[in-house]
Amino acid sequence: MKFSTKAIHAGQEPDPSTGAIMTPIFQTSTYAQNGLGGHKGYEYSRSGNPTRTALEDCIAALENGQYGMAFASGLAAEQGILSLLKTGDHMIACDDLYGGSYRIFERILSRYQIETSYVPAANVQDYEKAIRPNTKLIWLETPTNPLLRLVDIRAIAEIAHRHNILLVVDNTFSSPYFQLPLELGADIVLHSTTKYINGHSDVVGGAVVVKDQSVYEAIKFYQNAAGGIPGPFDSWLTLRGIKTLAVRMKQHQENAFAVARFLSDHPRVEKVYYPGLPSHPDHELAKRQMSGFGGMVSFTFKGSLEDVDQIVRRLKVITFAESLGGIESLLCHPASMTHGSIPREIREARGVDDTLLRLSVGIEDVEDILNDLDQALATRPEIDQDIQEQQLVHK
Ligand SMILES: Cc1ncc(COP(=O)(O)O)c(C=O)c1O
């Protein structure tokens, strides 16, 4: 089955008791058992629920994996993967990554003497240099959050497997529509399903997909033992959101391209980060590794922290908010929002400064998005003058 067909049908059959086309919301905590050991595959909804099973099977099919597991949030899914580690283990992570992942690594794993080394996201050789005898996991985000650098999954998978290390790829930003990490050699794929997978900004959720049975069993054990599972209604909403994933992603990308080009030509914009632009440092890798460039665009502008407040207050169509991947355009200020948990010196050294804005380009009419950006970025008089002077110099 092709991607769009799987998004609509994988893991889902018409309900055998009624013929209902949509998977029912099995809003139950427990299941009647017919005598000792006489259950029909479900005993208690922390361990398994049919609506959740449909979601887990659908996401596994979209990622071309064998086993899917759904969690109550992306971070709960991360915790499921990190349960593979034990005291004294070491992991390597790319240095440009979601602030909440950094917070788990630094503030929770460190309590168990599990140390994380960070390497510049795009430097393949640095991952191998960081390997120690006790390294158990390599953790990648690609495209990275918020600078949208790309990491060569195939090259890092080759290094990881030569050293008997598992490779985790957080595929949240790209979605399986544009990138299939398991096909490129990753062992574990992670999603904050809160984002593109659900796509409607009405659910917080997470998912893990793997190929290997023993890795599945270990994470599945943790999922049941620790209990960070999504309820039936959230599972159902996510399943419903997935059905339009392919059409949404196509439109997100089309609009993102237009936004990236518009910002590149805007006098108040300093730098645009979008892997689809030929000027992006990882554009060639993006063409090889992904089937599209996604819907996220980051940019820095000429101005200061005070200007950020002015810009975001002027927005009319785009909403100033955390999160991404929904149908509506959301603008976020990583330094104070998603990456606020990373100390300023570390954050700035990684390129996340006060004038960086991250736009999750929605699927509204693109003209409305561009007009909104244009009016919000309108300059204050002193900056205006600065820009006019620069333009005169260029002429
Ligand atoms: C790339 C990435 N991974 C993981 C997460 C965590 O997901 P959640 O917020 O669903 O816990 C996020 C959240 O923003 C994210 O952007």
Side-chain angles (χ1 to χ4, degrees), residues 55 59 63 69-82 91 93-109 116 118 121 137 139-151 153 168-176 178-179 181 186 188-209 223 226-231 234-235 237-238 241-242 252 273 275 290 294-298 319-326 330-342 347 350 352 356-361:
L55 172 65
I59 297 180
E63 285 287 353
M69 288 159 277
F71 288 85
S73 67
L75 285 176
E78 295 194 16
Q79 199 59 41
I81 297 169
L82 295 169
M91 64 178 268
C94 56
D95 66 354
D96 185 26
L97 86 170
Y98 170 56
S101 305
Y102 177 84
R103 185 174 52 200
I104 295 202
F105 303 160
E106 290 306 300
R107 310 247 328 247
I108 298 192
L109 290 194
T116 308
Y118 300 91
L137 278 186
W139 189 286
L140 305 181
E141 240 181 72
T142 179
T144 62
N145 181 4
L147 294 173
L148 304 169
R149 291 301 306 263
L150 262 79
V151 190
I153 299 174
V168 181
V169 176
D170 185 334
N171 205 22
T172 299
F173 264 45
S174 150
S175 92
F178 286 130
Q179 177 170 271
I188 301 173
V189 171
L190 161 74
H191 278 284
S192 165
T193 53
T194 315
K195 312 294 165 20
Y196 288 111
I197 295 267
N198 176 60
H200 293 74
S201 305
D202 49 13
V203 173
V204 171
V208 175
V209 180
Q223 184 198 37
I229 45 109
D234 280 0
S235 299
L237 274 174
T238 309
I242 289 178
H252 280 299
Y273 302 86
M290 301 172 73
M296 300 298 298
V297 180
S298 296
T319 306
F320 180 54
E322 305 237 5
S323 203
L324 61 115
L330 298 180
L331 187 74
C332 129
H333 179 241
S336 65
M337 296 163 91
T338 49
H339 291 65
S341 54
I342 303 179
R347 176 167 49 71
R350 292 176 184 172
V352 182
L356 180 77
L357 292 171
R358 189 194 76 185
L359 180 60
S360 171
V361 183

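Each ligand, and each atom within it, is numbered from 1 in the order the structure gives.
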Distance from [atom] to nearest protein heavy atom, with residue and atom:
atom: atom 3 (N) of ligand 1; result: Asp170 OD2, 2.7 Å
atom: atom 16 (O) of ligand 1; result: Asn145 ND2, 3.4 Å
atom: atom 6 (C) of ligand 1; result: Tyr98 CE2, 3.4 Å
atom: atom 8 (P) of ligand 1; result: Gly74 N, 3.3 Å

| message | Using a 3.5 Å cut-off on N or O atoms only, is Ser192 in polar contact with ligand 1? | response |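 Yes, at least one N or O pair falls under 3.5 Å.
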| said: Is the contact between Glu78 and ligand 1 made by the side chain, the backbone, both, or neither, using heavy atoms and a 4.0 Å cut-off? | reply: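 It is the side chain that gets close, since no backbone atom is under 4.0 Å.
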| task | Mind checking whether Leu75 contacts ligand 1 via backbone (N, CA, C, O), side chain (CB onward), both or neither, at a 4.0 Å heavy-atom cut-off? | result |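 Leu75 to ligand 1: contacts from backbone and side chain alike.
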| Donor-acceptor side-chain pairing of Glu106 and Thr116 below 3.5 angstrom |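 Checked: Glu106/Thr116 side chains show no N/O donor-acceptor pair below 3.5 Å.
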| task | Under 4.0 Å from a heavy atom of Gly205: give me the atoms of ligand 1 that qualify, with their elements. | result |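 Those of ligand 1 that fall under 4.0 Å from Gly205 are 10 (O).
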| query | Which of the atoms of ligand 1 are close to Ser73, meaning less than 4.0 Å from one of its heavy atoms? | reply |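 What qualifies from ligand 1 is 10 (O), 11 (O).
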| So, is the end of the Arg103 side chain (NZ or CZ) under 6.0 Å from the ring centre of Tyr98 and within 45° of the ring's axis? |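 Because its charged atom misses either the 6.0 Å distance or the 45° angle limit, Arg103 does not stack over Tyr98.
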| field | The one among Thr194, Asn171, Thr144 that brings a heavy atom closest to atom 10 (O) of ligand 1 | value |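 Selected option, by shortest heavy-atom distance: Thr194.
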| query | Out of His191, Glu322, Lys195, who gets a non-hydrogen atom closest to atom 12 (C) of ligand 1? | reply |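 Heavy atom nearest to atom 12 (C) of ligand 1 belongs to Lys195.
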| field | Beyond-backbone contact of Phe173 with Asn145, side-chain heavy atoms, under 4.5 angstrom | value |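 The answer is yes; the side chains approach within 4.5 Å.
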About how many Å separate [atom2] of [Y] and [atom1] of [X], when rounded to the nearest 0.5 Å?
X: Leu55; Y: Met69; atom1: CG; atom2: CE; result: 12.0 Å
X: His333; Y: Leu357; atom1: NE2; atom2: CG; result: 6.0 Å
X: His191; Y: Tyr196; atom1: NE2; atom2: OH; result: 12.0 Å

| request: Give the intermediate values and the outcome of side-chain contact (heavy atoms from CB on, under 4.5 Å) for residues Cys332 and Glu322. | output: CA-CA 6 Å; Cys332 129; Glu322 305 237 5; 5.7 Å; no
| query | Aromatic rings Tyr118 and Tyr102: how do their planes relate, parallel, tilted or perpendicular, breaks at 30° and 60°? | reply |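 Tilted.
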